[in-house]
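Letters A, B, ... mirror the listed sequences (proteins, then strands); counts begin at 1.
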Amino acid sequence: MSLTLFAVQTLNGLQFGLMLFLVAAGLTLVFGVMDFINLAHGVQYMLGAYLTAVLAKVTGGFFTALLLAMPLTLLLGLVLERLVFRPLYARGHLDQVLATFGVILIVNEAVKLAFGAAPISVPVPEILSGSVRLMDGLLFPVYRLAIIGAGLGTALLLWLVIDGTRFGMLVRAGATNAPMVSALGVDVRRLFTAVTAFGAMLAGFAGAMVTPILSVEPGMGDGVLILAFVVIVVGGVGSIRGAFIAALIVGLVDTLGRSFATDLLKLVMSASTANHVGPALSSMAIYLLMAGVLAFRPAGLFPSRSAG
Amino acid sequence: MKTFTVMLAAAAGLALTAGTAAAQEKLKIGMMVTLSGPSAVLGQHQRDGFNLALKQRGGKLGGVDAEVVLVDDELKPDVAVQKVQGLIERDKVDIVTGVTFSNVMMAIAKPVFDSRTFLVSSNAGPSPLAGRACSPFFYASSWQNDQNHETMGKYAQDKGFKRVVVMVPNYQAGKDAAAGFKRFFKGEIADEIFTQLGQLDFSAELAKIAAAKPDAVFSFMPGGMGVNLVKQYTQAGLSGRIPFLSAFTIDETTLPATQDAAVGLLGGAQWAPGSTLPASRAFVEAFEKEYGYVPALYAQQAYDSALLIDAAVKAAGGKFKDKEAMQKGFRNAQFESVRGPFKMNTNGFPVQDFYVVKVVKRADGKFQTEPVEKVFTAHEDVYAKDCPLK
Amino acid sequence: MTAVLRLEGLTKRFGALVVSDEVSLDVRPGEIHALIGPNGAGKTTLIGQIAGRIAPDAGRVFLGGEDVTALPAATRARRGLARTFQISALVGDMTARENVALAIRGRSAGRLAPIPLPGLERRCRAEAMDGLAEVGLADRADVPVSALSHGERRALELAAALALEPKLLLLDEPLAGAGKDESKALVKLIGSLRAKIPMLLVEHDMDAVFRLADRVSVLVYGRIVASGTPSEVRADPLVRSAYLGEEDEAC
Amino acid sequence: MTRTRRDLLVLGLMLGLLAALPFLGLPNWVLTYTARIMAFAICAVALDLVLGYGGMVSLGHAAFLGIGSYAAGILLAENVNDFFIGLVAGAGAAGLYALVTGAVAVRTKGVAFIMITLAFGQMAFFVANALSEYGGSDGLTLWSRAEIGGTRALARDTNLYFVILFFLALSILIVRLVTASPFGIALRAARSNPERVTALGYDVERVRLWAYVLAAVLCGVAGVLIANLSSFVSPALMAWQRSGEFIIMVILGGAGTVWGALAGAFAVLILEEALSLATPHWKILFGLFLILAVLFTRGGIAGLFDRSAK
């Protein structure tokens with residue numbers, strides 16, 4: 001295990017973490033402001049990916065497709081908010097979970113009907129198709145640097161919006177104390193609609209960004225959804241800063257676990273046992289992390305909701 | 001006199017068909033495949049392959065009208081058990097066919113065998129059913145799970161590769177794949193990487209591979225995992241530098257997604273749509289005409305499973321309720337398999353040839369695999385010797 | 001005579017902020033000891049440490065002479081520390097009687113029996129009715145909490161707390177949110193319990209405090225700045241500036 | 001009090017109907033299918049104790065089902081064929097895992113509880129996947145069912161049906177008794193106001209933990225029954241989606257009523273089967289059904305009952 005390899009894996013971990021942040025940001029925002037558990041976030045991510053894939057085929061350009069897909073996912077978010085979410089804000093978490101789970105089932109099946117069950121993919125855009133030589137025999141695709149950039153950019157943008165605008169002030173207020181926001185005379189319904197649509201667009205953006213490196217297929221949002229929930233719960237629900245740091249931690253723990261767990265175990269046990277235990281352990285790594293964090297900090301690393 | 005004989009024969013023939021029609025209803029076949037989730041495309045190939053064969057025979061198998069009840073196992077073994085009980089007891093099927101995944105196969109095997117129903121696999125071939133737990137009610141038109149991996153192991157050995165990295169998902173089929181590969185590859189395993197099932201991003205593993213600098217990589221990554229791996233393998237600049245050997249990773253279910261990224265990569269299989277055998281050409285042409293996409297080996301296996309049933313029912317003289325006759329029929333089935341030579345072993349698995357196949361881009365812009373080198377001739381699985389059936 | 005409750009140098013910091021700064025006070029048998037202080041003085045944190053919800057960084061809590069600093073809240077309750085909450089805390093979907101019965105069961109050995117105990121239930125019913133009668137809620141026994149008025153809930157909380165047969169009653173702003181008439185009735189009710197049980201009273205309503213309390217302590221920025229009889233405290237110039245100066249702001 | 005009586009009446013009717021089923025001359029598959037639903041219903045009823053009465057949304061409940069079935073399956077694979085040994089092992093293993101993980105989990109609440117139970121469920125799932133000697137991800141086929149008193153009585157589907165029905169009735173009885181007990185009242189009270197309940201001298205975390213453990217034990221029993229019924233155990237039994245399905249059963253049936261969970265289990269599983277027979281794209285219909293059920297009913301099936309009774 002050379003130092004170079006360790007550095008490369010750390011970079012890979014950060015890149016994976018930033019990808020997770022892209023997905024988790026919208027989820028934690030919606031959850032934080034409205035106290036709404038939106039399981040449909042994963043299918044919104046999938047819709048972003050499918051729209052990009054289809055539009056890229058039609059228009060022939062990845063960036064055109066990306067630009068078109070964003071308002072479309074926003075629109076779909078609005079429709080979903082109007083039809084399903086809005087009546088559920090006042091209800092308990094369980095009702096929200098049940099209804100948005102229904103949305104997952106519908107959209108996954110509808111996508112399969114519309115585009116088939118086979119995975120489809122999007123070529124890497126020409127301008128980002130190069131690669132950087134990281135170590136002997138290994139290239140780091142420029143596109144992955146673009147994902148790192150997009151993740152950092154989104155984080156910066158969210159920070160600016162949330163810390164610097166009136167919209168952001170309301171979002172922060174909503175995450176800490178929702179009744180207070182309505183007491184301020186703000187039309188809470190409009191705020192909620194805006195946040196949900198914005199969250200859907202963030203999910204769609206994440207989905208669009210991963211299309212050149214991941215396959216686009218029905219159900220692709222389900223696994224990501226769980227990871228995103230791990231991120232926001234570890235980070236502290238509603239906290240963008242928490243989501244950012246938690247995403248990096250989860251990305252690093254997962255990647256480094258996958259890279260080195262088995263090798264490290266080989267130091268203390270036989271190779272075949274290590275081959276047996278290592279992979280199981282690294283699959284569990286992020287869950288162990290989450291259980292550990294929650295055991296000591298039940299509200300996550302950066303709780304945003306005030307205690308009283 | 002001659003006219004009389006003809007008339008007599010015709011009358012006898014008429015009486016015979018009338019007799020069988022009265023005595024027997026339709027041959028009922030339950031087809032269980034995975035049609036939900038990310039692996040649904042495999043089940044789709046199986047379904048379409050089987051239906052094509054049935055359609056070409058006017059809805060008859062072995063001269064008997066056949067009716068297919070299609071069910072989706074959702075890739076949940078306990079759901080599969082429930083559904084197969086429905087097929088056996090409610091729909092009273094004579095044969096259960098299809099079955100995409102080994103865990104589903106292991107779940108339904110017992111209830112199917114207990115009810116003395118035939119189980120004709122057109123994909124999954126788990127080792128217990130080939131060895132100690134073999135059954136006279138089980139027949140496969142595909143392979144034993146290890147064999148395609150053995151093909152690549154043998155190939156790597158023949159090519160003189162010294163150090164190989166093996167990368168498979170951390171589940172039973174993945175471990176079987178690694179075992180199958182190592183059975184014939186005697187060189188050094190530079191590293192054995194077990195990835196998570198359903199893993200999306202392989203950059204960490206690819207970095208390890210690049211650091212290990214092996215002569216070749218062997219991988220088994222079915223479905224979407226394979227698509228991601230192949231794309232990322234190419235993007236990381238490993239494609240073309242380190243030979244990529246695989247099984248069930250690059251085939252016609254994933255090629256529409258991987259496209260150019262997969263061209264030149266190698267896999268192990270008993271058949272590929274680029275095969276030049278006349279039976280194969282006819283099958284591929286008919287399939288593409290009917291369904292508009294290139295069939296993968298899953299479609300071919302299911303097509304052959306219909307031919308296998310056809311031959312067995314024919315050999316039993318249409319008496320598909322006669323278990324002994326049908327067993328004999330399956331054992332000695334004679335049909336022109338799309339893959340070429342086919343012989344049923346004592347454990348119900350085929351003895352067949354295996355090839356290294358390569359991804360090519362066709363003139364019409366579609367992608368497919370084609371055989372480039374025969375690795376095994378009349379290859380038998382290693383578990384057959386544990387099977388008590390003779 | 002030992003104090004029912006004694007705090008010795010309780011200290012709690014949140015980061016750099018010292019919320020409780022070596023607080024020491026006691027509550028003697030038969031007295032109502034009032035704790036007053038402006039908003040943000042650290043009253044809630046102090047109550048949390050007494051009740052066992054918050055662990056102090058330093059200092060000790062004695063209940064009837066016994067050191068309970070290390071005991072969790074539930075155990076302190078069983079040892080005789082009953083409390084009411086600033087914001088009415090009752091089990092909303094249960095009736096008044098069930099709320100009091102919950103407290104009675106809470107001090108019985110069978111409080112966590114996994115099967116119904118008819119004997120215990122009969123006793124609970126009867127004792128709950130007595131408890132409700134004591135606070136004037138006898139005719140509201142089968143009304144769900146959600147249908148009770150604010151004042152009635154306050155009284156019910158008292159009844160539930162008393163049903164624990166505690167050594168000490170911790171009252172966290174019992175008059176908060178009550179109307180004028182309700183306040184009057186509650187002050188009367190609390191006064192009537194004086195002989196029965198010693199109390200630590202945290203309250204903003206100065207009229208009520210000076211009417212009820214035998215002794216008053218003033219908490220400012222986590223520190224007790226004055227302690228004495230109501231008239232002593234009222235006369236203290238330090239208190240007037242520190243406390244009354246900020247009271248407008250607090251409202 | 002009339003509500004209690006009505007609940008008992010409905011429960012009695014449902015169990016009576018289930019007991020009569022084998023005598024109606026129905027085909028065998030109806031029986032095994034019903035038996036499977038009943039086994040799942042045991043787990044749903046147990047989850048109702050945690051979720052409906054305790055207000056703890058556990059997304060790891062299927063792990064206990066899986067642990068129970070693996071305990072039974074591994075014993076059978078090792079030729080320990082006695083049913084009761086399997087039963088004790090399954091219930092014990094599930095209870096033990098719940099005791100250890102629950103001790104951590106009950107310290108959290110809300111969405112943190114959901115996620116931490118999911119995490120513990122996933123850990124069990126990955127361990128089962130790694131059990132190569134017992135089939136790993138492919139699962140383990142049990143070539144014969146367990147024996148009772150050395151006889152192969154359970155090999156007959158009807159006998160196993162009655163055994164499962166017995167444990168279903170027993171679970172319902174236990175959950176009803178517990179919810180009416182001082183423990184159950186404290187659990188219910190702690191759902192709406194844990195602070196108050198603590199101030200009254202109850203150790204809320206301990207109350208929650210034991211409810212969690214009891215539910216796990218019942219679910220472990222269900223796992224043992226499922227293993228024998230389907231003669232197969234696999235990690236898929238403890239996938240988190242299965243835990244989600246249990247939650248759907250409880251909420252759809254009506255949380256906190258016991259018979260609602262029973263009705264929910266039947267409604268969900270029968271609906272899934274019926275819709276999937278009707279169309280391969282049944283998930284669209286099922287999803288639509290879930291959304292409409294949430295939007296237009298409150299309190300699930302039991303809630304509908306309450307309103308129409310008025």
Among the options [options], pick out the one with the most heavy-atom pairs lying under 4.5 Å from chain D.
options	answer
A:I37, A:V107, A:L288	A:L288
A:H93, A:Q96, A:M290	A:M290
A:V293, A:I226, A:V230	A:I226
A:D95, A:L98, A:V234	A:L98

So for [X], is it side chain, backbone, both, or neither that comes closer than 4.5 Å to the heavy atoms of chain A?
X	value
D:V250	neither
D:L51	side chain
D:F120	side chain

Are the side chains of [Y] and [X] in contact, using a 4.5 Å heavy-atom criterion?
X	Y	result
D:L269	D:M249	yes
A:T28	A:S239	no
D:Y70	D:L131	yes

With a 4.5 angstrom heavy-atom cut-off, is it the side chain or the backbone of [X] that approaches chain D, or both, or neither?
X	result
A:V84	both
A:L289	neither
A:L113	side chain

Inset, instruction - Apply side-chain contact (heavy atoms from CB on, under 4.5 Å) to the pair D:T101 and D:T117, showing each step before the final yes or no. - result: CA-CA 8 Å; D:T101 61; D:T117 48; over 6 Å; no
Inset, instruction - Give, for atom CD1 of D:I114 and atom CD1 of D:I247, the distance between the pair rounded to the nearest 0.5 Å. - result: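 Going from the CD1 atom of D:I114 to the CD1 atom of D:I247 covers 6.5 Å.
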Legend entry - Aromatic plane relationship, A:F31 with A:F229 - under 30° parallel, 30 to 60° tilted, over 60° perpendicular: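 Correct class here is perpendicular.
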Legend entry - Heavy-atom pairs under 4.5 Å with chain A, option from D:F286, D:W240, D:W282 with the top count: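 Top count of heavy-atom pairs under 4.5 Å with chain A: D:W240.
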Legend entry - Largest heavy-atom contact set with chain A, pairs under 4.5 Å, which of D:M115, D:Q241, D:K283: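 That would be D:M115.
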Inset, instruction - Flag the pair D:E205 and D:R208 as a salt bridge only when some basic side-chain nitrogen lies within less than 4.0 angstrom of an acidic carboxylate oxygen. - result: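 Salt bridge absent between D:E205 and D:R208.
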Inset, instruction - Please determine which of D:F125, D:F64, D:F126 meets the side chain to side chain contact (heavy atoms under 4.5 Å, CB included) test together with D:M238. - result: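 Single pass found, and it is D:F125.
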